[in-house]
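Since we're looking at a predicted model, the values are computed, not measured.
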Amino acid sequence: MLVKDFITKEIPVLKSFDTGEYALALMDDFKVNHLPLLANDLFSLQALVSEKELLSAPDLSVSLANLNLTEDSSIQEDIHIIEALPLMTCRELSLLPVISSQHEYLGVLTRESLLGALTELCQANAAGSIVVLDLLPMDYSLADISRLVESNHAHILSLLSHTDSQNGHWLITLKLDVEDASSVIRSFERFNYTVSSYFMKNGVIDDVFRQRVNEFIHYINI
């Protein structure tokens, strides 16, 4: 999943002769806080104009060429989409210009397109269940976790990890392809894994089993 797969060209660009007032109006129309500024050749990226910089400018009636614009954020098209995440979040960007290996402007990556890409990457829309494990970094073994999951006829659709800032533990979030992860959870607990939380359709297996028992009892009574 590369950045080039999620480029949009629906966001307009600015030219050096555009004024700060025009740029702010355009940002308001498209509900963004940034717009790419192209060089005079209209092919290469010159800067990323931010609303914050414009609002601090002494005179917005002058052209952008006469303003001291310092923001210069961009990403190349052949970079993995995950690499765009820290750029956009740390710099609080509403969009990120995308350039080619020859530094030609190709379009932008918006927060919405990035969110859609991450949703697809994490299999967030896929049916299944979520199990969160709490463990020490030294106890982490992807091979062991996969073995326990697959021994219960389930598969890991995605795996995310982050560190608990309070105790340094790793929290491993597993998206599984089964709606009832009860057997997987029991296996984890048997092997001394701490299941901190889980999210699933409760009792999928139990309800089916209970229905079959009731049908069997009804059959005996007949």
Q: Is there a path of hydrophobic side-chain contacts, each under 4.5 Å between heavy atoms, that joins Leu142 and Phe188?
A: yes

Q: Crowded around Phe43 CZ? As in, over 12 foreign heavy atoms under 6.0 Å?
A: no

Q: Determine, using the 4.5 Å side-chain heavy-atom cutoff (strictly less than), whether Leu38 and Leu26 are members of one ILVMFWY cluster.
A: yes

Q: Ignoring hydrogens and angles, tell me if any N or O in the side chain of Thr163 forms a donor-acceptor pair with the backbone of Ser165 under 3.5 Å.
A: no

Q: Hydrophobic cluster membership, with links at side-chain heavy-atom distances under 4.5 Å among I/L/V/M/F/W/Y: are Ile81 and Ile79 in one?
A: yes

Q: Is there a side-chain contact between Val3 and Gln76 in this structure, where contact means two heavy atoms from C-beta onward sitting under 4.5 Å apart?
A: no

Q: Who are the side chain to side chain donor-acceptor pair (under 3.5 Å) partners of Asn66, not counting sequence neighbours?
A: Ser63

Q: In Å, rounded to the nearest 0.5 Å, how long is the span from CG of Leu54 to CG of Leu67?
A: 7.0 Å

Q: Determine whether a donor-acceptor pair (N or O, by modelled atom type, separation under 3.5 Å) exists between the side chain of Ser113 and the backbone of Leu109.
A: no

Q: Rounded to the nearest 0.5 Å, what separates atom CG in Leu60 from atom CG in Leu55?
A: 7.0 Å

Q: Kindly compute the distance separating NZ (Lys4) from CG (Leu106), expressed to the nearest 0.5 Å.
A: 10.5 Å

Q: Supply the atom-to-atom distance Leu174 CG to Ile130 CD1, rounded to the nearest 0.5 angstrom.
A: 9.5 Å

Q: Taking Ser44 for the side chain and Ala39 for the main chain, is one N or O donor matched with an acceptor at less than 3.5 Å?
A: no

Q: For the backbone of Leu2 and the side chain of Asp5, can you confirm whether one donor and one acceptor N or O come within less than 3.5 Å of each other?
A: yes

Q: Do Ile11 and Leu115 sit in one hydrophobic cluster, given that two such residues count as connected whenever their side-chain heavy atoms are within less than 4.5 Å of each other, even indirectly?
A: no

Q: Decide yes or no for Ile7 and Val108: does some side-chain heavy atom of the first lie under 4.5 Å from some side-chain heavy atom of the second?
A: no

Q: Using modelled atom types only, decide if a donor and an acceptor are shared between the side chain of Thr194 and the backbone of Ser196 within a distance under 3.5 Å.
A: no

Q: Hey, does the Lys NZ or Arg CZ of Arg186 hover above the aromatic six-ring of Phe191, less than 6.0 Å from the centre and inside 45° of the axis?
A: no

Q: Under 4.5 Å between side-chain heavy atoms, hopping through other hydrophobics if needed: is there a path connecting Leu171 to Leu133?
A: no

Q: May I have the list of side-chain donor-acceptor pairs in residues 91-99 shorter than 3.5 Å, sequence neighbours left out?
A:
from	atom 1	to	atom 2	distance (Å)
Arg91	NH1	Ser73	OG	2.7
Ser94	OG	Asn33	N	2.9
Ser94	OG	His34	N	3.2
Ser94	OG	His34	ND1	3.0

Q: Taking atom types as modelled and ignoring hydrogens, do the side chains of Asn40 and Ser16 form a donor-acceptor contact shorter than 3.5 angstrom?
A: yes

Q: Before giving the answer on side-chain hydrogen bond (donor to acceptor under 3.5 Å, both in side chains), spell out for His169 and Asp164 the whole-Å C-alpha distance, their side-chain angles and the decisive distance to 0.1 Å.
A: CA-CA 5 Å; His169 288 195; Asp164 190 324; over 6 Å; no

Q: Is there a donor-acceptor pair under 3.5 Å between the side chain of Lys175 and the backbone N or O of Gln123?
A: yes

Q: Measure the spacing between CG of Leu176 and CG of Asn152 and express it to the nearest 0.5 Å.
A: 10.0 Å

Q: To the nearest 0.5 Å, what is the distance between OH (Tyr198) and OG1 (Thr173)?
A: 15.5 Å

Q: How close do Arg190 and Ser187 get, counting heavy atoms only, and between which atoms?
A: NH2-OG, 3.0 Å

